[in-house]
Amino acid sequence: QVRLVESGGGSVQAGGSLRLSCAASRYTGNVACMAWFRQAPGKEREGVASIDRFEDTTYADSVKGRFTISLDNAKNTLYLQMNPLKPEDTARYYCAAVWDRVATCSYRYAFTYGYWGQGTQVTVSS
């Protein structure tokens, strides 16, 4: 069973930055796709960004230009650099992964991912 463990969340003021990490218990060099999702209280889960094994990335419009997703296969760790943060970025952030081949690697398709972490909380104050 693959484990994904997120870390790096916290409380910051608007305009600040955070870097989230997601450590995988399986080698990520042959992963098909990994992604970050978030869910705010009372809202549906939404995809934020995704990256495939070739390091092609996609971003939701709400975070494009502010967030950067990256993958360090030497550490089996997925990252999400977030800067500058806005109050509307407040949510619990989850990483997800799939090693089986997928038709399309995208944050848009949550059903694609077979493995999920427990999440890390990000709170941005104005």
Side-chain angles (χ1 to χ4, degrees):
Q1 181 69 289
V2 176
R3 288 190 66 211
L4 301 176
V5 181
E6 300 96 334
S7 61
S11 298
V12 297
Q13 289 191 326
S17 63
L18 284 173
R19 188 177 79 156
L20 305 184
S21 300
C22 171
S25 62
R26 179 174 173 176
Y27 178 55
T28 57
N30 58 357
V31 73
C33 190
M34 295 189 78
W36 288 97
F37 293 80
R38 66 186 182 186
Q39 187 167 21
K43 294 188 177 181
E44 292 188 354
R45 180 180 58 192
E46 64 171 339
V48 174
S50 53
I51 186 169
D52 67 15
R53 71 180 72 188
F54 305 110
E55 298 188 19
D56 289 333
T57 59
T58 55
Y59 296 91
D61 288 343
S62 59
V63 305
K64 198 172 295 182
R66 299 190 298 120
F67 290 10
T68 302
I69 188 171
S70 61
L71 184 57
D72 185 339
N73 293 323
K75 297 182 179 180
N76 297 326
T77 300
L78 177 73
Y79 298 101
L80 185 68
Q81 179 68 48
M82 307 184 293
N83 177 45
L85 283 159
K86 301 177 179 180
E88 51 262 44
D89 295 320
T90 295
R92 190 165 185 84
Y93 285 70
Y94 301 86
C95 68
V98 56
W99 271 263
D100 296 332
R101 191 170 65 177
V102 296
T104 303
C105 176
S106 175
Y107 61 86
R108 294 184 175 90
Y109 310 121
F111 63 85
T112 298
Y113 303 89
Y115 301 101
W116 292 79
Q118 294 300 307
T120 185
Q121 179 67 35
V122 171
T123 302
V124 185
S125 58
S126 58

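Since we're looking at a predicted model, the values are computed, not measured. For the single chain, residues carry numbers from 1 onward in sequence order. Hydrogens, waters and symmetry mates are skipped; everything else that's a heavy atom, side chains included, is used.
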Next on the checklist: Before you tell me yes or no, could you show the steps for Thr90 and Arg38 under side-chain contact (heavy atoms from CB on, under 4.5 Å), namely the whole-Å CA-CA distance, both residues' side-chain angles and the distance that decides it to 0.1 Å?
Outcome noted: CA-CA 9 Å; Thr90 295; Arg38 66 186 182 186; over 6 Å; no
Checklist entry - Going through the checks in order, is the side chain to side chain donor-acceptor pair (under 3.5 Å) test met by Ser50 and Ser106? => result CA-CA 5 Å; Ser50 53; Ser106 175; 4.7 Å; no
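Side chain of Arg66 to backbone of Pro84: a donor-acceptor contact under 3.5 angstrom is found. In terms of modelled atom types and a separation under 3.5 Å, the side chain of Gln39 and the main chain of Ala91 share no donor-acceptor contact. Of the possible polar contacts, one joining the Asp52 side chain to the Glu55 backbone as a donor-acceptor pair under 3.5 Å is found.
With rounding to the nearest 0.5 angstrom, the CZ atom of Arg101 is 14.5 Å from the SG atom of Cys33. Interatomic distance, CD of Gln1 versus CZ of Arg26, reported as 10.5 Å (0.5 Å rounding). Residue Thr28 holds its OG1 atom at 11.0 Å from CZ of Arg53, rounded to the nearest 0.5 Å.
Closest of all the heavy-atom pairs between Ser126 and Ala14 is CA-CB, 4.3 Å. Taking both residues in full, the closest heavy atoms of Lys75 and Thr77 are given as O-OG1, 2.9 Å, listed atom of the first, atom of the second, then distance. Ser17 and Gln81 make their closest contact through CB-NE2, 4.1 Å (heavy atoms, listed as atom of the first residue, atom of the second, distance). In this structure, Arg45 and Ala110 approach most closely via the heavy-atom pair NH2-CB, 3.6 Å.
Lys86 and Asp89 are not joined by a salt bridge, as no carboxylate oxygen comes within less than 4.0 angstrom of a charged side-chain nitrogen.
The environment of Gln13 atom CD is sparse: at most 12 non-hydrogen atoms of other residues, nucleotides or ligands sit within 6.0 angstrom. Within 6.0 Å of CD on Glu88 lie more than 12 heavy atoms contributed by other residues, nucleotides or ligands.
Classified by interplanar angle (parallel below 30°, tilted 30° to 60°, perpendicular above 60°), the ring pair Tyr113/Phe37 is perpendicular.
Clustering of Ile, Leu, Val, Met, Phe, Trp and Tyr by side-chain heavy atoms under 4.5 Å joins Leu71 with Val2, Leu4, Val12, Leu18, Leu20, Val31, Met34, Trp36, Val48, Ile51, Tyr59, Val63, Phe67, Ile69, Leu78, Leu80, Met82, Leu85, Tyr93, Trp99, Tyr115, Val122, Val124.
Under the side chain to side chain donor-acceptor pair (under 3.5 Å) criterion, Tyr107 pairs with no residue, sequence neighbours left out. Residues that satisfy the salt bridge (Lys or Arg N to Asp or Glu O under 4.0 Å) test with Asp56, not counting sequence neighbours, are absent from this structure.
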